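All values below come from the heavy atoms of this structure, side chains included, with hydrogens, waters and symmetry mates left out. Model, not experiment: these values are computed from the prediction.
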Amino acid sequence: VGAAMLLGLGMFVMRGGPGGFTRRRQDDPEALALAVAALDAAHEGLSAPTEQQKAEHYLARARLKGRLANALAKRDGLR
């Protein structure tokens with residue numbers, strides 16, 4: 001149950017929540033890296049993830065990693 005809650009939290013953070021996070025926070029590489037780690041930890045905590053859970057994790061992780069790559073590029077002056 002706790003792992004499912006963490007997975008939900010990771011997805012909530014990935015989607016930006018109901019506007020509770022500022023744009024700066026969403027573009028912060030450290031915050032995005034932590035969101036990826038939280039998402040992975042939640043997924044690893046599932047004893048037997050279903051195919052749908054695996055697919056949702058893969059998609060959410062890919063989106064976060066894309067945002068992280070963009071944030072790092074911006075930070076490093078590449079964008």
Side-chain angles (χ1 to χ4, degrees):
V1 172
M5 290 177 65
L6 281 175
L7 182 60
L9 175 63
M11 293 177 72
F12 174 79
V13 169
M14 188 233 17
R15 291 183 181 150
F21 294 97
T22 65
R23 174 54 65 188
R24 190 180 125 252
R25 179 77 177 160
Q26 290 177 349
D27 290 339
D28 178 38
E30 288 185 29
L32 291 168
L34 288 173
V36 171
L39 188 68
D40 287 346
H43 184 71
E44 288 173 9
L46 298 174
S47 60
T50 65
E51 289 301 316
Q52 182 174 350
Q53 288 172 318
K54 290 178 187 178
E56 288 172 355
H57 173 260
Y58 179 80
L59 181 59
R61 191 175 200 286
R63 287 180 179 156
L64 279 173
K65 294 285 282 190
R67 288 178 51 204
L68 177 58
N70 285 335
L72 289 170
K74 284 181 185 177
R75 183 195 69 189
D76 296 342
L78 300 173
R79 288 194 181 231

For Glu44, the side-chain hydrogen bond (donor to acceptor under 3.5 Å, both in side chains) test, sequence neighbours excluded, returns none
In short, salt bridge (charged side-chain N to carboxylate O under 4.0 Å, His left out) pairs touching residues 30-39 with sequence neighbours left out are none
For Leu46, the side-chain contact (heavy atoms from CB on, under 4.5 Å) test, sequence neighbours excluded, returns Ala3, Leu7, His43, Pro49, Gln53
Those residues at least two apart in sequence (or on a different chain) that pass salt bridge (Lys or Arg N to Asp or Glu O under 4.0 Å) with Lys54 are Glu51
In terms of heavy-atom contacts, Leu68 and Pro29 come closest through CD1-O, 3.4 Å
Applying side-chain hydrogen bond (donor to acceptor under 3.5 Å, both in side chains) to Gln52 and not counting sequence neighbours gives Glu56
Ring pair (Phe, Tyr, Trp, His ring centres under 6.0 Å) pairs touching residues 59-79, sequence neighbours excluded, are none
Using a 3.5 Å cut-off and no angle test, enumerate the donor-acceptor pairs between side-chain atoms of residues 32-42 and protein atoms at least two apart in sequence or in another chain.
residue	atom	partner	partner atom	Å
Asp40	OD1	His57	NE2	3.0
Asp40	OD1	Arg61	NE	2.8
Asp40	OD2	Arg61	NE	3.0
Asp40	OD2	Arg61	NH2	3.0

